[in-house]
Amino acid sequence: MSEHIDLKLRVNGREVSLRCAPSEPLSLVLRRELRLFGVRETCSMGVCGACTVLLDGRDVTGCLLPAVAAEGHEITTVEGLDGPGGLHPVQRKFVEKQAFQCSYCTPGFVLATIALLADGPPATAAEVREALGGCMCRCASYEFIEQAVLELADEVRRSGAPELADEARRSRASELADGARRERAPE
């Protein structure tokens, strides 16, 4: 029997306590212990993006990050995006542009898009493709996803998109934490 540790995480704005093995990936712990099934478990190698979560506003692959490395950080899953107005603006745009088919990859793309827009809106389709290159869609919805992201980027540039301002502030404030995560993340 493997050794388990007590862990306190902040997930979607609430503190949770749980037990897990020290080496268990965040994606598995979120699914098993908190039943957050928007965090998909697909490749377990960090290449598909289906397990993407936001850690302090930055997108990370949950299948590669040990859950213990997320302690002390804000974790956001797709389930944590709904607000008083319903869907997050990125989710609304994905629905409007039909930027999904089977929806398996959609949570990862949505969270990666939020992180991308918080860092500054991309100007070209090539920038979108590069930034979202860690997410894969087996249904080939890339063109619609790209269109949705480019429209969102235009909206951010035109209006400042106040709905995304909190994400941007959290992202900038977490630069130091981001460097620490890279040191702890497995190669």
If you define the side chain from C-beta out and look only at heavy atoms, does anything of [X] sit under 4.5 Å from [Y]?
| X | Y | answer |
| --- | --- | --- |
| P122 | L116 | yes |
| V53 | T76 | no |
| L34 | N12 | no |
| H88 | V110 | no |

Other than L87, what residues sit in its cluster of Ile, Leu, Val, Met, Phe, Trp and Tyr side chains whose heavy atoms are under 4.5 Å apart, directly or through others?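 Result for L87 is V95, F100.
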Separation of L9 CG from E74 CD (nearest 0.5 Å):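 The distance works out to 10.5 Å.
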Who pairs with D82 by side-chain hydrogen bond (donor to acceptor under 3.5 Å, both in side chains), at least two apart in sequence or on another chain?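 For D82 there are no side-chain hydrogen bond (donor to acceptor under 3.5 Å, both in side chains) partners, ignoring immediate neighbours.
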Pairs in or reaching into residues 15-30: which pass salt bridge (Lys or Arg N to Asp or Glu O under 4.0 Å), with residues at least two apart or in two chains?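 Applying salt bridge (Lys or Arg N to Asp or Glu O under 4.0 Å) to every pair that reaches into residues 15-30, excluding sequence neighbours, yields D6-R19, R10-E15, E24-R32.
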What salt bridge (Lys or Arg N to Asp or Glu O under 4.0 Å) pairs are there with at least one residue in residues 94-115, not counting sequence neighbours?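 Sorted pair list: K93-E96, K97-E151.
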Quick check: is Y142 connected to I114 through a chain of hydrophobic side chains (ILVMFWY, heavy atoms under 4.5 Å apart)?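 Yes.
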Please table the atom pairs, donor to acceptor, closer than 3.5 Å between any side-chain atom in residues 39-52 and protein atoms at least two apart or in another chain.
{"unit_1": "R40", "atom_1": "NE", "unit_2": "Y104", "atom_2": "O", "d": "3.0"}
{"unit_1": "R40", "atom_1": "NH1", "unit_2": "F37", "atom_2": "O", "d": "3.0"}
{"unit_1": "R40", "atom_1": "NH2", "unit_2": "S103", "atom_2": "O", "d": "3.3"}
{"unit_1": "E41", "atom_1": "OE1", "unit_2": "S27", "atom_2": "OG", "d": "2.7"}
{"unit_1": "E41", "atom_1": "OE2", "unit_2": "S44", "atom_2": "OG", "d": "2.9"}
{"unit_1": "T42", "atom_1": "OG1", "unit_2": "Y104", "atom_2": "OH", "d": "3.4"}
{"unit_1": "T52", "atom_1": "OG1", "unit_2": "G49", "atom_2": "O", "d": "2.7"}

Can you pull the side chain to side chain donor-acceptor pair (under 3.5 Å) pairs that have at least one residue in residues 121-133, sequence neighbours excluded?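 Found R129-E146.
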Under 3.5 Å: donor-acceptor pair, side chain of E79, backbone of G38: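 Such a contact is found between E79 side chain and G38 backbone.
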